[in-house]
Amino acid sequence: MTKTRRAWWRTGLGVVFTALMLFPVYWMINVSFTRDQDMRKSPPYWFPVHGTLEGYRAVLEQQGPYLATSLVVGLGTVALTLVIAAPAAYSLAKLRPRGGGVLSFVLLIAQMIPGVIMAMGFYAIYLSTGVLNTVPGLIVADSTLAVPFAVLIFTAFMSGIPEELMQAARVDGAGALRTFWSVVLPVSRNSVITVSLFAFLWAWSDFVFASTLDQGGGHQPITLGIYHYIGNNNQEWNAIMATAVVASIPATVLLVIAQRYVAAGVTAGAVKD
């Protein structure tokens with residue numbers, strides 16, 4: 001009986017904490033259906049009593065280009081991150097170059113640099129090279145956040161690949177590049193999915209780099225599309241929240257689909273046999 005009561009107590013506490021964490025998401029959805037004249041009502045409506053689709057109509061009419069740009073930037077960031085991080089991690093984990101430990105430490109330190117400082121550095125470089133206000137510039141900037149994390153995840157996973165598998169590839173005549181492409185990458189599927197997901201989400205939700213490096217560009221991401229609804233004399237909250245809801249859908253779908261791969265990819269290398 002005691003164990004049963006304890007289980008119910010833990011379940012109830014978990015439900016309460018989950019509800020508290022998800023309440024901002026519910027309120028975002030609620031406000032997205034709320035009319036402008038009901039925004040400042042006190043007390044507020046806990047449900048969209050007089051619901052409206054004006055916010056979502058604004059998303060369909062105005063936010064399409066911003067969503068398309070975010071998709072291009074997100075996919076470009078994933079591709080660039082994988083191209084750089086996977087071979088680098090393979091080298092650190094299996095080829096063990098001289099100074100590899102120092103490089104791993106530098107990558108760890110790189111993740112501690114505030115994004116604002118990096119954005120200021122990129123701004124000065126882009127201004128002199130003509131890359132400011134361009135989609136490729138955003139892809140490169142967002143990749144600087146994803147690559148250090150990706151190298152560490154890949155290195156932890158690839159370090160756990162049995163040496164017998166690598167030796168078998170060498171016996172069959174495969175060189176380092178062929179071994180990486182034909183053996184290591186297929187085995188590292190979980191870590192590839194994990195890195196791709198996090199890189200996409202970082203690029204999709206980025207605001208610091210977007211507002212600093214692409215404020216005047218012709219192709220701006222969805223974070224700036226939301227920001228454009230906020231002005232000194234006008235704040236279209238239902239359109240803001242509707243855009244936020246729509247922008248959250250791709251991230252939610254990706255997390256649901258890839259959750260089991262992410263769990264395996266993040267914990268890989270944590271336990272050694």
Side-chain angles (χ1 to χ4, degrees), residues 10-11 13-33 55-56 59-60 63-64 66-86 89 111 115 138-139 141-158 160 185-210 220-227 240-271:
R10 291 178 177 176
T11 302
L13 193 60
V15 170
V16 171
F17 283 137
T18 301
L20 290 175
M21 289 186 293
L22 293 181
F23 180 77
V25 178
Y26 164 74
W27 198 250
M28 177 179 69
I29 298 173
N30 178 41
V31 174
S32 71
F33 290 105
Y56 291 93
V59 172
L60 295 177
Q63 297 296 330
Y66 297 102
L67 289 168
T69 299
S70 285
L71 182 62
V72 172
V73 172
L75 295 177
T77 301
V78 170
L80 185 58
T81 299
L82 292 178
V83 167
I84 296 175
Q111 297 185 86
L138 273 184
I139 292 175
D142 288 331
S143 297
T144 59
L145 295 177
V147 166
F149 170 82
V151 171
L152 295 177
I153 291 294
F154 275 132
T155 301
F157 190 95
M158 293 177 183
L185 270 186
V187 172
S188 305
R189 180 186 63 176
N190 290 338
S191 58
V192 170
I193 295 176
T194 301
V195 166
S196 300
L197 178 63
F198 278 97
F200 182 85
L201 293 180
W202 276 328
W204 184 266
S205 61
D206 168 64
F207 178 77
V208 174
F209 285 145
Q220 298 179 352
I222 189 61
T223 48
L224 292 186
I226 296 175
Y227 185 68
I240 292 173
M241 295 304 177
T243 306
V245 170
V246 173
S248 301
I249 292 175
T252 303
V253 172
L254 288 175
L255 284 171
V256 171
I257 294 176
Q259 59 179 336
R260 64 189 184 97
Y261 300 104
V262 172
V266 170
T267 57
V271 179

Novice: Can you list everything that forms a ring pair (Phe, Tyr, Trp, His ring centres under 6.0 Å) with Tyr26? Sequence neighbours excluded, please.
Specialist: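 Ring pair (Phe, Tyr, Trp, His ring centres under 6.0 Å) list for Tyr26, sorted by chain: empty.
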
Novice: Would a 4.5 Å heavy-atom cut-off, applied to side chains only, mark Leu82 and Phe154 as touching?
Specialist: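 Sidechains of Phe154 and Leu82: in contact.
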
Novice: Please report the C-alpha distance between Leu201 and Leu255 in whole Å, then the side-chain angles of each, then the deciding distance to 0.1 Å, and finally whether the side-chain contact (heavy atoms from CB on, under 4.5 Å) criterion is met.
Specialist: CA-CA 10 Å; Leu201 293 180; Leu255 284 171; 4.0 Å; yes

Novice: Hey, does Tyr56 have a side-chain heavy atom less than 4.5 Å from the side chain of Leu60?
Specialist: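 No, too far: nothing below the 4.5 Å cut-off.
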
Novice: Counting only N and O atoms by type, is there a donor-acceptor contact under 3.5 Å from the side chain of Ser32 to the main-chain atoms of Ile29?
Specialist: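 It does hold such a pair.
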
Novice: I need the Phe149 CZ to Thr194 OG1 distance, nearest 0.5 Å.
Specialist: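 That separation rounds to 7.5 Å.
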
Novice: For a 4.5 angstrom cut-off between non-hydrogen side-chain atoms, does Asp142 reach Leu80?
Specialist: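 No. Closest side-chain heavy atoms not under 4.5 Å.
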
Novice: Would you check, one step at a time, whether the test side-chain contact (heavy atoms from CB on, under 4.5 Å) holds for Thr144 with Phe209?
Specialist: CA-CA 11 Å; Thr144 59; Phe209 285 145; 4.2 Å; yes

Novice: With sequence neighbours excluded, what pairs up with Val83 under the side-chain contact (heavy atoms from CB on, under 4.5 Å) test?
Specialist: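 With neighbours one apart ignored, the set is empty.
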
Novice: Between Ser191 and Phe157, is there a donor-acceptor pair closer than 3.5 Å when you use the side chain of the first and the backbone of the second?
Specialist: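 A pair under 3.5 Å: no.
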
Novice: Check Leu185 against Val192 and note the closest heavy-atom contact, atom names and distance.
Specialist: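 Of all heavy-atom pairs spanning Leu185 and Val192, the closest is CD2-CG2, 4.3 Å.
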
Novice: Check for a donor-acceptor pair, side chain of Thr223 on one end and backbone N or O of Asp206 on the other, with a separation under 3.5 Å.
Specialist: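 Such a contact is found between Thr223 side chain and Asp206 backbone.
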
Novice: Kindly indicate whether the side chain of Ile84, heavy atoms from C-beta on, has any atom under 4.5 Å from the side chain of Ser143.
Specialist: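 They are not in side-chain contact.
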
Novice: Can you list everything that forms a side-chain contact (heavy atoms from CB on, under 4.5 Å) with Leu71? Sequence neighbours excluded, please.
Specialist: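 Expected list: Leu75, Phe200, Trp204.
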
Novice: Can you name the nearest heavy-atom pair linking Ala203 to Gly74, along with the distance?
Specialist: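 Scanning both residues, the minimum pair turns out to be CB-CA, 3.8 Å.
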
Novice: Show, in sequence, the C-alpha distance, side-chain angles and deciding distance for Thr69 and Gln220, and conclude whether the side-chain contact (heavy atoms from CB on, under 4.5 Å) test is met.
Specialist: CA-CA 6 Å; Thr69 299; Gln220 298 179 352; 5.7 Å; no

Novice: How would you list, by chain and number, every residue that makes a side-chain contact (heavy atoms from CB on, under 4.5 Å) with Ala146, sequence neighbours excluded?
Specialist: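 Expected list: Thr81, Ala199, Trp202.
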
Novice: Using the side-chain contact (heavy atoms from CB on, under 4.5 Å) criterion, which residues pair with Thr155? Sequence neighbours excluded.
Specialist: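 Scan of Thr155 (side-chain contact (heavy atoms from CB on, under 4.5 Å), adjacent residues dropped) gives Ala89, Leu92, Ala93, Val151, Ser159.
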
Novice: Working to the nearest 0.5 Å, report the span between CZ of Phe207 and OH of Tyr227.
Specialist: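 Output value for this atom pair is 5.5 Å.
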
Novice: Output side-chain donor-acceptor pairs under 3.5 Å for residues 240-254, partner residues at least two apart or in another chain, one line each.
Specialist:
| unit_1 | atom_1 | unit_2 | atom_2 | d |
| --- | --- | --- | --- | --- |
| Thr243 | OG1 | Ala239 | O | 2.7 |
| Ser248 | OG | Ala244 | O | 2.7 |
| Thr252 | OG1 | Ser248 | O | 2.8 |

